[in-house]
Chemist: 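Structure in structure tokens, see below.
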Amino acid sequence: MKIAILSRNKKLYSTRRLVEAAEAHGHEVKVIDVLRCYMNITSLNPTIHYKGEVLEPFDAVIPRIGASVTFYGTAVLRQFEMMNVYPLNESVAVTRSRDKLRSAQLLARKGVGMPVTGFAHNPDDIQDLLKVVGEAPTVIKLLEGTQGIGVVLAETNKAAESVIQAFMGLKANIMVQEFIKEAGGSDIRCFVVGDKVVAAMKRQGPEGEFRSNLHRGGSASLVRLTPSERATAVRAAKIMGLGVCGVDLLRSNHGPVVMEVNSSPGLEGIEAASGKDVAEIIIKHLEKRVAEMSNSASRSRTRGKG
Ligand code: ADP
């Protein structure tokens with residue numbers, strides 16, 4: 001197959017591993033920086049131009065689109081889709097997963113366990129919003145935050161109110177969440193490929209830190225998932241319409257709760273913690289899907305809902 005990997009930097013661990021795995025399976029791979037793509041949008045013959053050349057047709061595309069380039073990156077991915085290139089994750093699903101409120105609403109509607117979550121726009125509604133979410137401590141999150149930045153634990157209702165007011169004053173979009181204390185500063189990353197969790201790791205924040213992000217000094221270790229954790233992760237991926245994703249769970253008193261579904265999950269931490277060749281598993285999945293899809297009329301149908 002000819003495979004395009006949409007990535008801004010071919011030296012990144014995840015990109016390198018995907019290139020290696022694809023080449024080891026005899027595929028031809030090109031790493032493409034989405035921001036250097038420009039497009040001709042016509043119904044008859046859509047094309048993509050890249051650094052002065054028209055890109056040759058590809059069989060499959062692997063999007064690794066960073067949060068900061070979601071808008072343009074998903075437009076480029078859509079152009080590949082219009083050219084009948086099979087996407088590992090579809091543009092609509094990537095867009096959906098980048099909107100934390102939309103994702104939360106979608107998962108909640110389908111009955112997936114989640115921390116009690118609220119959001120509001122007007123500062124006058126803060127006190128009532130806090131009542132809806134429950135008593136302090138509460139977690140307040142900037143919707144645009146990543147890697148744990150903009151995630152605050154408010155120990156008291158007064159502190160929560162002040163933090164929310166401050167964020168709203170900055171015109172930041174936020175959500176307020178029940179604090180899952182019993183998770184003990186850890187979360188579980190389930191790496192889903194197709195309809196299976198192929199690897200999982202537990203991330204534990206350093207002493208005194210409730211955020212488990214590796215970027216915030218957390219450490220990763222192998223974990224054994226319960227059947228209900230596996231089922232929850234696979235279900236969340238399916239609802240989001242993502243073929244490959246990282247589903248982050250917290251172990252709560254009332255079972256696994258989903259915190260986030262990440263459409264470009266990193267490979268470095270999960271391969272190191274699980275000892276699995278996740279890159280190869282992804283390439284094998286892609287081979288299977290492309291073979292199935294090339295015989296199927298449902299090729300351009302959108303997966304997932306909402
Ligand atoms: P980001 O997308 O910036 O990583 P997350 O929502 O994943 O933000 O939160 C960062 C970390 O904070 C999580 O990995 C988890 O350890 C912790 N955390 C987030 N929300 C909660 C919560 N409601 N209860 C307990 N811990 C939480």
Side-chain angles (χ1 to χ4, degrees), residues 1-7 10-32 56-65 77 80-81 83-94 97 188-201 220 222-225 227 229-248 261-304:
M1 289 196 290
K2 282 190 73 178
I3 302 175
I5 300 182
L6 304 184
S7 166
K10 56 172 79 167
K11 297 199 184 103
L12 292 177
Y13 179 91
S14 304
T15 309
R16 273 195 289 117
R17 290 285 300 118
L18 288 165
V19 171
E20 266 169 33
E23 286 178 348
H25 275 239
H27 304 300
E28 203 182 305
V29 193
K30 187 174 172 80
V31 177
I32 295 171
E56 297 281 309
F58 287 93
D59 300 294
V61 55
I62 300 181
R64 303 276 322 166
I65 296 169
L77 179 57
F80 276 94
E81 290 164 5
M83 295 162 68
N84 275 329
V85 182
Y86 180 80
L88 182 68
N89 280 332
E90 283 182 325
S91 57
V92 271
V94 175
S97 74
I188 308 223
R189 159 61 59 97
C190 303
F191 204 105
V192 179
V193 178
D195 53 5
K196 281 201 188 80
V197 177
V198 300
M201 64 176 166
L222 193 63
V223 67
R224 241 191 118 73
L225 297 181
E229 287 164 351
R230 269 178 200 282
T232 301
V234 169
R235 208 148 163 259
K238 190 149 193 249
I239 292 167
M240 299 298 294
L242 290 165
V244 170
C245 61
V247 180
D248 295 341
V261 182
N262 188 323
S263 57
S264 286
L267 297 185
E268 190 164 13
I270 196 84
E271 289 199 329
S274 68
K276 299 229 171 106
D277 189 340
V278 177
E280 188 187 31
I281 298 172
I282 291 174
I283 297 298
K284 282 187 172 163
H285 164 79
L286 195 59
E287 288 169 353
K288 199 168 137 226
R289 297 298 290 146
V290 169
E292 282 166 10
M293 284 295 159
S294 59
N295 301 324
S296 148
S298 67
R299 194 169 166 128
S300 62
R301 254 198 33 223
T302 295
R303 302 189 288 266

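From a predicted model like this one, the values you see are computed outputs, not experimental measurements.
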Chemist: Examine distances only and state if a side-chain atom of Ser14 and a backbone atom of Gly266 form a donor-acceptor pair shorter than 3.5 Å.
Modeler: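 Side chain of Ser14 to backbone of Gly266, a donor-acceptor pair under 3.5 Å: no, none is there.
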Chemist: Show, in sequence, the C-alpha distance, side-chain angles and deciding distance for Met240 and Cys245, and conclude whether the side-chain contact (heavy atoms from CB on, under 4.5 Å) test is met.
Modeler: CA-CA 10 Å; Met240 299 298 294; Cys245 61; over 6 Å; no
Chemist: What pair of heavy atoms forms the shortest contact from Ser274 to Leu222, and how long is it?
Modeler: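 Looking at all heavy atoms of both residues, the shortest contact is CA-CD1, 3.6 Å.
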Chemist: Check Ser263 against Asn89 and note the closest heavy-atom contact, atom names and distance.
Modeler: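 What the structure gives for the nearest pair is O-ND2, 3.2 Å.
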Chemist: Minimum heavy-atom separation for Lys10 to Arg16, with atom names?
Modeler: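 Looks like O-CG, 3.3 Å.
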Chemist: Could you pull out the closest heavy-atom pair between Thr15 and Ser7, with the gap in Å?
Modeler: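 So the two residues come closest at OG1-OG, 2.9 Å.
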Chemist: Kindly compute the distance separating CG (Leu88) from CG (Leu242), expressed to the nearest 0.5 Å.
Modeler: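 If we round to the nearest 0.5 Å, Leu88:CG and Leu242:CG are 9.5 Å apart.
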Chemist: Side chains of Ile283 and His27: closer than 4.5 Å at any heavy-atom pair?
Modeler: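 They are in side-chain contact.
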Chemist: Of all heavy-atom pairs between Leu267 and Phe191, which one has the smallest distance, and what is that distance?
Modeler: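 Minimum heavy-atom separation between Leu267 and Phe191: CD2-CZ, 3.5 Å.
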Chemist: Any ion pair linking Lys284 and Glu287 (charged N to carboxylate O, less than 4.0 Å)?
Modeler: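 Salt bridge between Glu287 and Lys284, a charged N being under 4.0 Å from a carboxylate O: no.
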Chemist: Looking only at heavy atoms, what is the nearest atom pair of Ile3 and Leu286, with distance?
Modeler: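 Closest pair (atom of Ile3, atom of Leu286, distance): CD1-CD2, 4.2 Å.
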Chemist: Look only at the side chain of Glu271 and the backbone of Ala279, and say whether a donor-acceptor pair between them is shorter than 3.5 Å.
Modeler: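 Present.
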Chemist: So how far is it from Tyr13 OH to Leu18 CG, rounded to the nearest 0.5 Å?
Modeler: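 It comes to 10.0 Å.
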Chemist: Does Lys196, at its NZ atom, have more than 12 non-hydrogen atoms belonging to other residues, nucleotides or ligands within less than 6.0 Å?
Modeler: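 Result for NZ/Lys196: open.
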Chemist: With a 4.5 Å heavy-atom cut-off, do Ile270 and Pro265 have their side chains touching?
Modeler: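 With C-beta onward as the side chain, the pair stays apart.
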Chemist: Roughly how far apart are Met201 CE and Ile188 CD1, rounded to 0.5 Å?
Modeler: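 Rounded to the nearest 0.5 Å, the CE-CD1 separation comes out at 10.5 Å.
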Chemist: Just by distance, do the side chain of Arg235 and the backbone of Arg230 share a donor-acceptor pair under 3.5 Å?
Modeler: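 Judged by distance alone, no pair lies under 3.5 Å.
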Chemist: Let me confirm one number: the CD1-CZ distance from Ile62 to Phe80, rounded to the nearest 0.5 Å.
Modeler: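 If we round to the nearest 0.5 Å, Ile62:CD1 and Phe80:CZ are 11.5 Å apart.
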Chemist: Can you establish whether the number of heavy atoms outside Glu56 located under 6.0 Å from its atom CD is more than 12?
Modeler: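 Counting other residues, nucleotides and ligands, CD of Glu56 stays at 12 neighbours or fewer.
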Chemist: About how many Å separate CZ of Arg17 and CD1 of Ile282, when rounded to the nearest 0.5 Å?
Modeler: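 Ile282 atom CD1 to Arg17 atom CZ measures 9.5 Å (nearest 0.5 Å).
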Chemist: Got a donor-acceptor contact below 3.5 angstrom from the Ser294 side chain to the Val290 backbone?
Modeler: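 Yes, because the side chain of Ser294 sits within donor-acceptor range (under 3.5 Å) of the backbone of Val290.
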Chemist: If you apply the rule side-chain contact (heavy atoms from CB on, under 4.5 Å), what do you find for Leu6 with Arg64, and how did you get there?
Modeler: CA-CA 5 Å; Leu6 304 184; Arg64 303 276 322 166; 5.8 Å; no
Chemist: To the nearest 0.5 Å, what is the distance between CD (Glu280) and NE2 (His25)?
Modeler: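 Glu280 CD to His25 NE2: 3.5 Å, rounded to 0.5 Å.
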